[in-house]
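The block underneath contains the structure these notes are about, expressed in structure tokens.
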2 protein chains.
Amino acid sequence: MNQTTRVPRGEARARLIEAARILVRRKGFAATSLDDLCAAAGVTKGAFFHHFASKEALGVALIDDWTETTGAMFAAHPYNSLPDPVDRLFGYLELRRQILGQPIADFSCVAGTTVQEAFETSVSMRAAAERSILSGNDHVRSHLVEALAAHPLPGITAESLAHLFQVAVQGGIVLAKAKGDASPAHEAFDHLERYLRLLFNRPA
Amino acid sequence: MNQTTRVPRGEARARLIEAARILVRRKGFAATSLDDLCAAAGVTKGAFFHHFASKEALGVALIDDWTETTGAMFAAHPYNSLPDPVDRLFGYLELRRQILGQPIADFSCVAGTTVQEAFETSVSMRAAAERSILSGNDHVRSHLVEALAAHPLPGITAESLAHLFQVAVQGGIVLAKAKGDASPAHEAFDHLERYLRLLFNRPA
DNA sequence: TATAATATACCGACCAGTTGGTATGTGGTC
DNA sequence: GACCACATACCAACTGGTCGGTATATTATA
């Protein structure tokens, strides 16, 4: 209740986004109230509306921050320096499987969760979610383009395969939430890897 | 506003669930208020709380109704009478692709949308969503069990493949909502079909 | 370099409208 | 006339958002 130590000047915005990430992942966007959010961030309503014009604006900032953070995380990972693009794809999948070891709320996707609610009610949030998906897509696609250049597959585009990765990630999250267990998501990545091995003729 | 023609006696509950299905698909569960819901159903708050103990109870009833409706729809489809189980799987995928021709809100999944928001905040709604996913899973799995009996694939279970179908459906919806376009979902089904053709040795 | 002027960051009380939920009344049906 | 299926009226708590104010930082000026 009573704030004993104040949030240092200049940190309010970052703290609000951090708190929003946690709350939205747990309860969704609509169910996250600004009062709860500000309390969790240790900040007042005044601070909120100084940094964000509306709850919707916070949502956009949250998703954009999410895009940046996750993008940087994947870009920084060691598998990116593997010489073989197909191995990089397997490295990506392996990382994804590792992430599934965390609690469900911690591997839930901010963009995916939010766009389920807001795709019709908020133009700007849907657009932000599209940017987020697109960013993840680009990462995988770059490896796929290389892989397909070395091993062309008639009728299969890097774009559509990259989408399949995203579909597996997002669908896996939904099933994990429903079952309270990450194993269906885990299995989906296994199947995706097996599909890639069949396509690129890479037996395990 | 003013109710000109009243909802016939005995229909309130069904109308509420129907209206909830539409609103929840468009705006999510939390963002759907009881006032809006009752107005859309042409019914008063008194009717609502006569049939449902709480908003959460309506959510559970909505998801269970969804499970029943979709289950009946898939069970009734002609592809189920095809002699070959693998052909039935292709028939299922073809039907899924047809459904993608509708507006996004109309192929959005009530269970998937709701569980994204409520998996941590409502035990009963998460359980209802699990029942829904499980029901869809069972349908596909029954064909997969037959297919695997005729054409065994070491290391691949009907259960995990059935999950993959659900993952493709749910993930496809998320991507479609984000992009405002069903094509990534469509492509995911194409890849899934190609994967099955490779596994079961069924070239197109 | 001291100081005035201005911009930034944040506070917290307040507001009107909405929220899920309740208590009680009423008309139709058996 | 009892019961069921709703309608009506109402409520406290909460909702996103506003607004006047203050403390701190930045820049301009002399």
Side-chain angles (χ1 to χ4, degrees), chain A residues 1-20 23-24 26-63 65 114 117-118 121-125 128, chain B residues 1-20 23-24 26-63 65 114 117-118 121-125 128:
Chain A
M1 298 294 143
N2 266 341
Q3 200 66 30
T4 49
T5 50
R6 266 197 191 173
V7 169
R9 191 183 171 87
E11 289 189 13
R13 193 193 137 97
R15 294 239 188 170
L16 279 165
I17 288 187
E18 193 189 333
L23 289 176
V24 168
R26 279 214 293 250
K27 324 199 296 173
F29 181 76
T32 296
S33 78
L34 296 190
D35 282 350
D36 283 356
L37 178 57
C38 291
V43 150
T44 61
K45 280 285 241 328
F48 181 95
F49 282 99
H50 173 71
H51 290 288
F52 307 103
S54 63
K55 192 188 179 188
E56 189 180 14
L58 176 270
V60 173
L62 167 67
I63 299 173
D65 174 83
T114 308
E117 303 177 54
T121 47
S122 167
V123 192
S124 57
M125 288 177 65
Chain B
M1 305 292 145
N2 267 341
Q3 201 64 32
T4 50
T5 49
R6 267 197 191 174
V7 169
R9 195 181 171 86
E11 288 190 13
R13 192 192 137 97
R15 293 240 190 170
L16 279 165
I17 288 187
E18 193 189 334
L23 288 176
V24 168
R26 280 214 294 250
K27 325 196 297 171
F29 181 76
T32 297
S33 77
L34 296 190
D35 281 350
D36 283 357
L37 179 56
C38 291
V43 148
T44 62
K45 281 281 248 321
F48 180 95
F49 282 98
H50 175 71
H51 289 287
F52 306 103
S54 64
K55 192 189 180 187
E56 189 180 13
L58 175 271
V60 173
L62 167 66
I63 299 174
D65 174 83
T114 307
E117 303 177 54
T121 48
S122 166
V123 192
S124 57
M125 287 177 66

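Remember, it's a predicted structure, so these values are computed and weren't measured experimentally.
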Listed pairs, N/O of protein and of nucleotides 21-23 of chain D, under 3.5 Å:
none

Listed pairs, N/O of protein and of nucleotides 16-18 of chain D, under 3.5 Å:
unit_1	atom_1	unit_2	atom_2	d
D:dG16	OP1	A:Lys55	NZ	3.1
D:dG16	OP2	A:Leu34	N	2.7
D:dG17	OP2	A:Lys55	N	2.9
D:dG17	N7	A:Lys45	NZ	3.4
D:dG17	O6	A:Lys45	NZ	3.0

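Between A:Leu62 atom CG and A:Leu23 atom CG the span is 10.0 Å, to the nearest 0.5 Å. Atom CD in A:Glu117 sits 8.0 Å away from atom CZ in A:Phe29 (nearest 0.5 Å). The distance from atom CG of A:Asp65 to atom CZ of A:Arg13, rounded to the nearest 0.5 Å, is 8.0 Å. Distance check: A:Ile17 CD1 to A:His51 NE2 gives 9.5 Å after rounding to the nearest 0.5 Å.
Residues A:Leu34 and A:Leu58 are not in side-chain contact: their nearest non-hydrogen atoms beyond the backbone lie 4.5 Å or more apart.
Summarising the geometry, the separation between CD on B:Glu11 and P on D:dA5 is reported as 14 Å, rounded to the nearest angstrom. The CG-C1' distance, from A:Leu37 to D:dC14, rounds to 15 Å in whole Å.
In this structure, B:His51 reaches the D:dC6 phosphate: one of its side-chain N or O atoms is under 4.0 Å from OP1 or OP2. In terms of phosphate contacts, B:His50 brings a side-chain nitrogen or oxygen within less than 4.0 Å of OP1 or OP2 of D:dA5.
In this view, B:Lys27 and B:Asp36 satisfy the salt bridge (charged side-chain N to carboxylate O under 4.0 Å, His left out) rule, not counting sequence neighbours. Remark: A:Lys55 pairs with no residue by the salt bridge (charged side-chain N to carboxylate O under 4.0 Å, His left out) rule, at least two apart or across chains. Under the salt bridge (charged side-chain N to carboxylate O under 4.0 Å, His left out) criterion, B:Arg15 pairs with B:Glu11, sequence neighbours left out.
Between A:Val7 and A:Ala12, the shortest heavy-atom contact is CG1-N, 4.2 Å. B:Cys38 and B:Phe48 get closest at one heavy-atom pair: SG-CB, 3.8 Å.
For DNA chain C, the contact window with chain A, defined by any atom under 4.0 Å from a protein heavy atom, covers C:dT8 to C:dG12 in 5' to 3' order.
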